[in-house]
Amino acid sequence: MSAHAITPVFVRLKLSLLRNGLRQSGGRKAAYITSAVFALLFAALQLIGLIALRGHAHAESVVVPAVAVLGLGWAVMPLFFPSGDETLDPTRLVMLPLRPRPLVRALLTASLVGIGPLFTLCLLVGAVGAVARGGAAFAVGAVAVVLALLVCVALARAVAAANVRLLTSRKGRDLAVLSGLVIAIGAQIVNFGAQRLGASGLGELDPAAEVLQWVPPASAIGAVHAVSEGSYGPAVAQLALSAGALVTLLALWSRHLTRLMTSPDGSTLPSAESAAKERSSSGLARLLPAGRTGTVMDRSLRYVWRDPKTKAAWVTSLAIGLIVPVFNAWQGTGSVYFACFAAGMLGIQMYNQFGQDTSAFWMVAMTISSARDAYVELRARAYALLLITLPYAMLVTVLTTAMLGDWRRLPEALGLSFALLGAMLATGAWTSARFPYSIPQEGYKNVAPGQTGLAWISVFGGMMAAALLCAPVIALTIWLNVSADGDDWTWLLLPAGTAYGAVLTAAGLKLAAPRTARRLPEILAAVSKG
């Protein structure tokens, strides 16, 4: 079957998938319409903003990096949102008598249907409008918009085809869950970049634009600017780069389609080496204490490494706990006390300890017959958390202090961090027993329907209680810093904060253990709901 014959079929198929998806529920339709309205509104505002840059001395320095970032977004989109478009999985077409090249053309055309391509088109048109001057530049701009759009779509398709076995496996779902980390880190980087640009001006982007104007798809926009400046030779080279990138991506896409449709799927067959590695115990497990404590610690650490939701929560907390103090210190606006953010982010992991077990908590519940058993269980989970949190909090605090050069405040910053961590371990153990909730294993939700109120009370109520418990250490820190001779005694905050945090942790575990033992049926029912 020729490409001309199957292309309309695939376009209608894409439209049918969109229409049928919206028919599944009113909530999904409302969410899609709302997101579409906001996306198109943002695209329209962005189009107006880019055109408003027309005539600005650094217009190219804005639009070229913007298009490069847009292309990067298209490249990573299939990795983090594999379920966003059912047509991204070409293995669904393996039983059809289709040749790769006509299939590539048909899928490429169908890929141009949707909110994403329309958003990209608006941004590219705005980019051309910002840098084009003269009829020749606008003529090249029309070609550049088409080339850049096709490169973005082909890039997403090639990446999806190359990683389709991964995206449909458990590791792929793990990767998708980590998309929240990318968004969180990206937001911090954008915030940092916006502050730098606000202080130094758009000229800061000139070096990046000089490089990115030779990287497709941004090279297509660079060609428009080159024609506006009368540099026709570089413009031809930049257009050729974008066209060559498109041809290369289509060839790679076709090659991966051929392999997918003619070779068996061996992604789920573990190798003998990986199986042997799985059977062997890790070196860390041999270093853990014997008995129930070591077993529970090992289980908790395995959750961190293997469970997608737990892994995503930990990695996100580790990243944000480092980014906030370090980025502020880098800008010269931070304080050593910002390092407490690391301990606070990781202390949150103590909340809802039993929810991460989901329905498997019944096996844990069967081993708890007394308050003593519950105490050992909670204590071991706290030990596993401390195994990561203590050295991490120390590392972030020392790094922040080194960047600020304020070594005198290192002991008090560490003391505050350890006191905050102890308070969060104490309140986290208690709220885990008092306000447990289920964490759905599928999808992107972290709270089962109907339990949002419990999650808010558990996490935010526990954090407020932890802040109140830290009030004595905070008050002591303020008093020593404002008193005349207090600077000579601030070093006492390190042992005082450490001891206070340890006392709070022990007291919280002691108080939470009897409640955990009494409420085992209720906890099991709550965490198994999702």
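Below, all heavy atoms of this structure are taken into account, side chains as well, without hydrogens, waters or symmetry copies.
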**Student:** Which atoms form the tightest heavy-atom contact between M297 and L288, and what is the distance?
**Tutor:** CE-CD2, 3.7 Å
**Student:** Side-chain atoms of residues 388-402: list all donor-acceptor pairs with protein atoms under 3.5 Å, sequence neighbours left out, distances to 0.1 Å.
**Tutor:**
{"residue": "T389", "atom": "OG1", "partner": "L385", "partner atom": "O", "Å": "2.8"}
{"residue": "Y392", "atom": "OH", "partner": "L318", "partner atom": "O", "Å": "2.1"}
{"residue": "Y392", "atom": "OH", "partner": "L322", "partner atom": "N", "Å": "3.1"}
{"residue": "T397", "atom": "OG1", "partner": "A393", "partner atom": "O", "Å": "2.7"}
{"residue": "T400", "atom": "OG1", "partner": "V396", "partner atom": "O", "Å": "2.8"}
{"residue": "T401", "atom": "OG1", "partner": "T397", "partner atom": "O", "Å": "2.7"}

**Student:** In Å and rounded to the nearest 0.5 Å, what is the OG to CD1 distance from S483 to I478?
**Tutor:**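 Atom-to-atom, S483:OG and I478:CD1 are 12.0 Å apart.
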**Student:** Hey, are the side chains of L416 and I474 touching, using non-hydrogen atoms and a 4.5 Å cut-off?
**Tutor:**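 Of all side-chain heavy-atom pairs linking I474 with L416, at least one is under 4.5 Å.
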**Student:** With sequence neighbours excluded, tell me which residues meet side chain to side chain donor-acceptor pair (under 3.5 Å) with T431.
**Tutor:**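 For T431 there are no side chain to side chain donor-acceptor pair (under 3.5 Å) partners, ignoring immediate neighbours.
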**Student:** Please name all residues satisfying side chain to side chain contact (heavy atoms under 4.5 Å, CB included) with A455, sequence neighbours left out, ordered by chain then number.
**Tutor:** Y437, V447
**Student:** Atom CH2 in W305, atom NZ in K311: separation rounded to 0.5 Å?
**Tutor:**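 These two atoms lie 6.5 Å from each other.
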**Student:** For R518, which residues count as a side chain to side chain contact (heavy atoms under 4.5 Å, CB included) partner, sequence neighbours excluded?
**Tutor:** P514, R515
**Student:** Hey, which of L421, L420, T477 is the one that makes side-chain contact (heavy atoms from CB on, under 4.5 Å) with C470?
**Tutor:** L420
**Student:** Between D298 and G294 (side chain of the first, backbone of the second, donor and acceptor by atom type, cut-off under 3.5 Å), is there such a pair?
**Tutor:** no
**Student:** Within the 4.5 Å heavy-atom criterion, are F341 and S417 side-chain neighbours or not?
**Tutor:** no
**Student:** Taking all atoms of both residues into account, what is the closest heavy-atom pair of S432 and G428, and its distance?
**Tutor:** OG-O, 2.7 Å
**Student:** Yes or no on side-chain contact (heavy atoms from CB on, under 4.5 Å) for L520 and I368, after CA distance, side-chain angles and deciding distance?
**Tutor:** CA-CA 8 Å; L520 282 177; I368 299 177; 3.8 Å; yes
**Student:** If you count every heavy atom of other residues, nucleotides or ligands that lies below 6.0 Å from W456 atom CH2, does the total exceed 12?
**Tutor:**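 12 or below, so no.
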**Student:** Excluding sequence neighbours, so at least two apart, what forms side chain to side chain donor-acceptor pair (under 3.5 Å) with S335?
**Tutor:**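 In terms of side chain to side chain donor-acceptor pair (under 3.5 Å), with neighbours along the sequence ignored, S335 is linked to no residue.
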**Student:** Working note: M424 + L469, criterion side-chain contact (heavy atoms from CB on, under 4.5 Å); need CA distance, chi angles, decisive distance, verdict.
**Tutor:** CA-CA 9 Å; M424 298 193 75; L469 289 174; over 6 Å; no
**Student:** Give, for atom CG of L70 and atom CD of Q46, the distance between the pair rounded to the nearest 0.5 Å.
**Tutor:**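 Reported to 0.5 Å precision, the distance equals 8.5 Å.
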**Student:** Indicate yes or no: at least one non-hydrogen side-chain atom of L494 is less than 4.5 angstrom from one of F418.
**Tutor:** yes
**Student:** Please assess V336 against L410 for the test side-chain contact (heavy atoms from CB on, under 4.5 Å), listing each intermediate value before the final yes or no.
**Tutor:** CA-CA 7 Å; V336 292; L410 177 61; over 6 Å; no
**Student:** Roughly how far, to the nearest 0.5 Å, is CG of L107 from NZ of K14?
**Tutor:** 9.5 Å
**Student:** What distance do L480 atom CG and L493 atom CG have between them, rounded to the nearest 0.5 Å?
**Tutor:** 5.0 Å
**Student:** Heavy atoms only: give me the nearest N352-P436 pair and the separation to one decimal.
**Tutor:**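 Heavy-atom minimum between the residues: OD1-CA, 3.7 Å.
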**Student:** Tell me, do L504 and L425 make a side-chain contact under 4.5 Å, heavy atoms counted?
**Tutor:** no
**Student:** Go through it in stages, so that I can follow the logic: the residues are L301 and R299, the test is side-chain contact (heavy atoms from CB on, under 4.5 Å), and I'd like the CA-CA distance, side-chain angles, deciding distance and then a yes or no.
**Tutor:** CA-CA 5 Å; L301 294 173; R299 184 183 69 226; over 6 Å; no
**Student:** My understanding is that only residues two or more places apart in sequence, or in another chain, count here; which of them pass side chain to side chain donor-acceptor pair (under 3.5 Å) with Y337?
**Tutor:** R409, E412
**Student:** Any side-chain heavy atom of D373 sitting closer than 4.5 Å to one from T367?
**Tutor:**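 Side chain of D373 against side chain of T367, heavy atoms only: no contact under 4.5 Å found.
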**Student:** So which pairs with a foot in residues 381-391 pass salt bridge (Lys or Arg N to Asp or Glu O under 4.0 Å), sequence neighbours left out?
**Tutor:**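 Passing the test, one end in residues 381-391: D357-R381, E377-R381.
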**Student:** With sequence neighbours left out, write down each residue that passes side chain to side chain contact (heavy atoms under 4.5 Å, CB included) with A158, or none if nothing qualifies.
**Tutor:**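 For A158, the residues satisfying side chain to side chain contact (heavy atoms under 4.5 Å, CB included) (neighbours in sequence not counted) are L249, W253.
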**Student:** Could you list the residues that satisfy side chain to side chain donor-acceptor pair (under 3.5 Å) with T293, not counting sequence neighbours?
**Tutor:**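 Listed in chain order: R379.
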**Student:** The criterion is salt bridge (Lys or Arg N to Asp or Glu O under 4.0 Å); which residues satisfy it with R372, sequence neighbours excluded?
**Tutor:** none
**Student:** If every non-hydrogen atom of P472 is compared with every non-hydrogen atom of Y500, which pair is closest and at what distance?
**Tutor:** CG-OH, 3.6 Å
**Student:** May I ask you to check whether S111 and R157 show a side-chain donor-acceptor distance below 3.5 Å?
**Tutor:**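 Indeed, the side chains of S111 and R157 share at least one donor-acceptor pair under 3.5 Å.
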**Student:** Looking only at heavy atoms, which two atoms of A423 and A466 are closest? And how far apart?
**Tutor:**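 Shortest heavy-atom contact: CB-O, 3.6 Å.
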**Student:** May I ask you to test the W489-W479 pair for a side-chain heavy-atom distance under 4.5 Å?
**Tutor:**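 Side chain of W489 against side chain of W479, heavy atoms only: no contact under 4.5 Å found.
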**Student:** First locate atom CG of L378, then atom CG of L511, and finally report the distance between them rounded to the nearest 0.5 Å.
**Tutor:**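 Here the interatomic distance stands at 11.5 Å.
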**Student:** So, R434 and S458: side-chain donor and acceptor under 3.5 Å apart, yes or no?
**Tutor:** no
**Student:** What pairs with T310 under side chain to side chain contact (heavy atoms under 4.5 Å, CB included), at least two apart in sequence or on another chain?
**Tutor:**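 Once residues adjacent in sequence are excluded, the partners of T310 under the side chain to side chain contact (heavy atoms under 4.5 Å, CB included) criterion are Y303, V304, D307, W314, Q356.
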**Student:** Sequence neighbours left out, what pairs pass ring pair (Phe, Tyr, Trp, His ring centres under 6.0 Å) with at least one residue falling in residues 345-366?
**Tutor:** F354-F361
**Student:** Give me the atom names and distance for the closest heavy-atom approach of S438 to A526.
**Tutor:**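 Nearest heavy atoms, S438 then A526: CB-O, 3.4 Å.
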**Student:** Do other residues, nucleotides or ligands put more than 12 heavy atoms under 6.0 Å from the CZ atom of R408?
**Tutor:**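 Correct, the count exceeds 12.
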